[in-house]
Number of protein chains: 2
Amino acid sequence: MKPPNTLANKSLADFKVGVDNVIFSVDTQLNRLLVLLIKRREEPFSNYWSLPGTLVRNGESLETAAYRILAEKISVNNLYLEQLYTFGSPEGDSPAAAESFGKRYLSVSYFALVRFEEAKLITERDYNITWYMIDKVPDLAFNHGQILAYGWRRLRNKVEYSPVAFEVLPELFTLNDLYQFYETILGKNFSDYSNFRNRLLKLGFLKDMGLKVSRGAGRPASLYRFDEKAFAPFKDQPLVFV
Amino acid sequence: MKPPNTLANKSLADFKVGVDNVIFSVDTQLNRLLVLLIKRREEPFSNYWSLPGTLVRNGESLETAAYRILAEKISVNNLYLEQLYTFGSPEGDSPAAAESFGKRYLSVSYFALVRFEEAKLITERDYNITWYMIDKVPDLAFNHGQILAYGWRRLRNKVEYSPVAFEVLPELFTLNDLYQFYETILGKNFSDYSNFRNRLLKLGFLKDMGLKVSRGAGRPASLYRFDEKAFAPFKDQPLVFV
DNA sequence: ACAAAAGTGTTCACGGTACACCCATGA
DNA sequence: TCATGGGTGTACCGTGAACACTTTTGT
């Protein structure tokens, strides 16, 4: 990043910076991977669905803006958030770009995973807001389809070698809960269930709490907790899960 | 990315956008991993070393700006380039930020790998420019130390599961060249040499050209070519190399 | 003939895969 | 007592790690 060069400044572009979030959640009951979409009520792309986004305000960092979007749309306590990618074609993709001469828009996208069960949607006037099943998402406004695809890929990768799952699962969970979680993100039969069990238990960062929970018929399941300290050696090591 | 909302625009931040490049190259002769640094001659951080960067101009995309930096500093034909991360703390990290009231700077960083042998440095008036050995890099201007660390991590990851090496190695290379390349990036003894050979050859995307090259004493080595088509099945598959 | 570098082969142990099987509970 | 889901055990195969060995050149 260079300091302003007063001589050459004339040709430099001025930007407004937008932040767009790809917010995922996993409905473990119905085995559904969901993404949060908002129906636009303004031109351009009026009546199209879009990713929740905002423009960055004075005194606000990118990440703060990303959290603000979240807070404005849903209320959650448990979440994971990271930066995805920055899109910035010259003279934006929107027809409105022409009228705002010399103003460019740049979009920094973030990827978030939230706990579905506790996420309450905040409905605003003029906005429709919904969890969309990932495989039912329609054409989106702007380049949001591209961003979503990118975020989805990142989610799948992330889940394989990082313990994001535990940021979003309840404190105590059964091994089956965990398996379901991976299954809905990575697809059915991503791994044999019993091998999944054995591998994870052998790694030793899942602590058996000695509690049982019974869900309808069948033998009751043990509840486990994720032990952050015991996981430490597996940081930066590929393919821990799956 | 939202369209301009004329009512609320007052509180929105205006940005200049900088692009900073982490440009790596591998000196296979001396087994050195190098990064391109530039000595600043202006405040702030005058006389500090920094990553090559620029501010984005009107009508220029982020990626174009990244390529422009490269073209201004070195001349290369073979390179790999991808976006790294976007930094954008409010009211920048530089002392100069205060004087430019209301202007914010945002830095989009790119990561590049170029072929060392063909990269010619373009010396400019007022600038010192050098290839620095990665483990000898001094404190850098702004947050460039952080960006470099980030880029270095990305380089190591990238190299393990993607064929970037072949973007930067000569058309024809020996298996030892390839091994050296990985060794200087991932560290000595990242793998047993003969196992490295066997694994890569078994995968079948290295074609033996039937040519031999002799380098001083010892048995002459076969020259290989990277076969892009034969590599296709290994796309999106983790840990092909190493 | 010897050193140096390229290339081949062999052994061993571990870990993933695919199953079959046992256990505890509700209905 | 049967169905349902939880949990354990085992046999096999592939593959990676370690290392010894052979081949071809320069000097």
Side-chain angles (χ1 to χ4, degrees), chain A residues 28-31 159-161 169-170 172-184 186-225 233-234 237-242, chain B residues 28-31 159-161 169-170 172-184 186-225 233-234 237-242:
Chain A
T28 33
Q29 304 300 308
L30 299 172
N31 274 321
V159 129
E160 288 181 358
Y161 60 83
L169 283 173
L172 298 179
F173 51 87
T174 70
L175 279 174
N176 210 23
D177 290 339
L178 190 60
Y179 185 72
Q180 303 281 350
F181 181 90
Y182 280 98
E183 218 179 21
T184 71
L186 300 174
K188 286 241 178 270
N189 304 38
F190 76 99
S191 164
D192 180 88
Y193 175 60
S194 76
N195 293 330
F196 177 81
R197 282 182 56 87
N198 292 331
R199 186 161 16 80
L200 283 183
L201 289 178
K202 182 144 55 147
L203 292 172
F205 52 75
L206 297 182
K207 296 296 178 208
D208 189 332
M209 295 283 91
L211 300 169
K212 302 281 183 184
V213 62
S214 199
R215 289 174 185 161
R219 179 175 173 173
S222 291
L223 287 171
Y224 289 85
R225 206 176 53 71
F234 302 99
Q237 195 181 308
L239 288 187
V240 174
F241 311 91
V242 173
Chain B
T28 33
Q29 304 299 309
L30 299 172
N31 273 321
V159 129
E160 289 182 357
Y161 61 84
L169 284 172
L172 297 179
F173 51 88
T174 69
L175 279 174
N176 210 25
D177 291 338
L178 190 59
Y179 184 73
Q180 304 281 351
F181 182 89
Y182 281 98
E183 219 179 19
T184 71
L186 301 174
K188 286 240 179 270
N189 303 39
F190 77 99
S191 163
D192 179 88
Y193 175 60
S194 74
N195 292 331
F196 177 82
R197 282 181 56 86
N198 291 331
R199 188 161 14 82
L200 283 183
L201 289 178
K202 183 146 52 150
L203 292 172
F205 52 75
L206 296 182
K207 296 295 177 209
D208 189 332
M209 296 282 90
L211 301 169
K212 302 282 185 184
V213 61
S214 200
R215 290 174 185 161
R219 179 173 174 175
S222 292
L223 287 171
Y224 290 85
R225 208 176 50 73
F234 302 100
Q237 196 180 307
L239 288 185
V240 173
F241 311 90
V242 172

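Keep in mind that the numbers below use all heavy atoms, side chains included, and drop hydrogens, waters and symmetry copies. Keep in mind that what you see is a predicted model, and the values were worked out from it rather than measured. To find a chain, count down the sequence lines: A is the first, B the second, and so on, and within it residues start at 1.
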- Query: For A:Arg219 and C:dC22, what is the distance between atoms CZ and C1' respectively, to the nearest whole Å?
  - Reply: 8 Å
- Query: B:Asn195 CG to D:dG14 P: how many Å, rounded?
  - Reply: 18 Å
- Task: Round to a whole Å and report the spacing from CG of A:Asp208 to C1' of D:dT8.
- Result: 14 Å
- Query: Is it true that a side-chain atom of B:Asn198 and a backbone atom of B:Asn195 form a donor plus acceptor pair closer than 3.5 Å?
  - Reply: no
- Message: What is the separation between atom NZ on A:Lys212 and atom C1' on D:dG5, rounded to the nearest whole Å?
- Response: 13 Å
- Task: Select one nucleotide: of C:dA24, D:dC19, D:dG7, the one nearest the side-chain heavy atoms of A:Tyr193.
- Result: D:dG7
- Query: Under 6.0 Å between ring centres, would you say that holds for A:Phe190 and A:Tyr179?
  - Reply: yes
- Note on the structure: Heavy-atom nearest pair, A:Tyr182 first then A:Val159, reads CE2-O, 3.3 Å
- Message: Given C:dA20, C:dG9, D:dT25, identify the nucleotide with an atom nearest to the side chain of B:Ser194.
- Response: C:dG9
- Item | Length of the line joining A:Lys202:NZ and C:dT17:P, which is rounded to integer Å | 12 Å
- Query: With respect to the side chain of A:Asn198, which nucleotide from D:dG9, C:dA24, D:dT24 is positioned closest?
  - Reply: D:dG9
- Task: Let me know the distance between CG of B:Leu211 and P of C:dA6, rounded to the nearest Å.
- Result: 16 Å
- Go through D:dG26, D:dA18, D:dG9 for me and flag the one nearest to the B:Ala217 side chain. D:dG26
- Task: Return the value, rounded to whole Å, for the distance between atom CZ of B:Phe196 and atom P of D:dC19.
- Result: 20 Å
- Task: Classify the side chain of B:Asn176 and the base of C:dA6 as holding, or not holding, a donor-acceptor pair under 3.5 Å.
- Result: no
- Message: Can you confirm if the aromatic rings of B:Phe173 and B:Phe181 lie within a centre distance of less than 6.0 Å?
- Response: no
- Message: Working note: A:Val242 + A:Tyr161, criterion side-chain contact (heavy atoms from CB on, under 4.5 Å); need CA distance, chi angles, decisive distance, verdict.
- Response: CA-CA 8 Å; A:Val242 173; A:Tyr161 60 83; over 6 Å; no
- Task: Would you kindly compare A:Ser214 and A:Asp192 by the position of their nearest DNA chain C nucleotide and give the one closer to the 5′ end?
- Result: A:Asp192
- Among the nucleotides C:dC19, D:dA18, C:dT8, whichever has the atom closest to the side chain of B:Arg197 is C:dT8
- Round to a whole Å and report the spacing from CG of A:Leu200 to P of D:dG7. 13 Å
- Output the single nucleotide from D:dG7, C:dA24, D:dA17 whose closest atom is nearest the side chain of A:Ala221. D:dG7
- Can you check whether B:Ser222 has a side-chain N or O nearer than 4.0 Å to OP1 or OP2 of C:dG7? yes
- Task: Name the residue closer to the 5' end of DNA chain D, choosing between B:Ser191 and B:Gly216 according to the nucleotide with the nearest heavy atom.
- Result: B:Ser191
